[in-house]
Amino acid sequence: DSGVTQTPKHLITATGQRVTLRCSPRSGDLSVYWYQQSLDQGLQFLIQYYNGEERAKGNILERFSAQQFPDLHSELNLSSLELGDSALYFCASSGWGNEKLFFGSGTQLSVL
Amino acid sequence: GESVGLHLPTLSVQEGDNSIINCAYSNSASDYFIWYKQESGKGPQFIIDIRSNMDKRQGQRVTVLLNKTVKHLSLQIAATQPGDSAVYFCAATTSGTYKYIFGTGTRLKVLA
């Protein structure tokens with residue numbers, strides 16, 4: 001168990017809908033990262049937050065947004081969903097940076 | 001930017017043999033490197049890490065080698081077991097950036 005909690009584990013929805021993925025980092029970790037992983041592909045970096053502030057952006061679509069709350073949990077919002085958004089979404093956390101990332105078990109999103 | 005692999009290369013090894021998985025990084029400023037193991041449907045799991053002031057680090061049945069001159073690192077798994085079957089990713093980061101660049105991943109198949 002990495003200590004990073006992601007909910008829900010599975011999400012099935014329809015095109016055009018909006019969903020929210022939730023992540024609780026390891027106790028004491030200030031950084032939260034979101035990654036997308038499509039079938040048989042590597043990890044695509046979406047966005048990173050540090051202590052409530054956005055620190056880095058990757059290939060995140062405009063239809064996607066995220067935030068980190070004062071209690072350090074983070075939410076990834078995906079809207080106007082398309083079939084191609086079906087993927088595993090991972091959250092990871094770290095402390096000060098330049099440390100190992102700890103990954104959650106992911107949310108499997110299926111857009112039908 | 002982040003590296004995303006479209007097709008994962010595969011390494012097949014016989015049970016009991018040693019495995020070597022390679023990874024190249026592009027940023028010469030990278031100073032911390034991590035290897036992750038990802039089993040099907042699960043989040044990446046930390047295996048071993050190494051900082052740029054070291055050339056080699058050993059763990060339990062795993063060794064990471066770092067060659068900064070050619071920007072290459074490798075993961076060696078001794079006496080490969082069926083439970084080692086997974087996708088292996090390397091990640092590189094630079095102090096102060098909070099940005100982790102992931103390799104494309106290699107699928108390790110252990111043959112009985």
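Here is how names work: the chains are called A, B, and so on, in the same order as the sequence lines, proteins then strands, and each is numbered from 1. Values reported hereafter were calculated over all heavy atoms of this structure, with side chains retained and with hydrogens, waters and symmetry mates removed.
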Going hydrophobic residue to hydrophobic residue with side-chain gaps under 4.5 angstrom, can you get from [X] over to [Y]?
X      : Y      : answer
B:V110 : B:V87  : no
B:L65  : B:Y25  : no
A:V111 : A:I60  : yes
A:Y89  : A:Y49  : yes
A:L43  : B:Y100 : yes

Interatomic distance, B:F46 atom CZ to A:S2 atom OG [nearest 0.5 angstrom]: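 Interatomic distance, B:F46 CZ to A:S2 OG, rounded to 0.5 Å: 13.0 Å.
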Give the minimum heavy-atom separation between [X] and [Y], together with the two atoms involved.
X      : Y      : answer
B:F89  : A:G42  : CE2-CA, 3.7 Å
A:L101 : B:Y36  : O-OH, 2.7 Å
B:Y32  : A:K100 : OH-N, 3.3 Å

For chain A, which residues of residues 38-45 of chain B have heavy atoms nearer than 4.5 angstrom: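 Heavy-atom contacts from residues 38-45 of chain B to chain A are B:Q38, B:G41, B:K42, B:G43, B:P44.
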More than 12 heavy atoms of other groups within 6.0 Å of A:I12 CD1: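 Check fails, neighbour count at 12 or below.
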Neighbour count >12 (heavy atoms, 6.0 Å) for atom NZ, A:K57: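 At most 12 heavy atoms, drawn from other residues, nucleotides or ligands, come within 6.0 Å of this atom.
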Criterion ring pair (Phe, Tyr, Trp, His ring centres under 6.0 Å) against B:F102, the qualifying member of A:Y33, A:F45, A:F90, A:Y35: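 Option passing the ring pair (Phe, Tyr, Trp, His ring centres under 6.0 Å) with B:F102: A:Y35.
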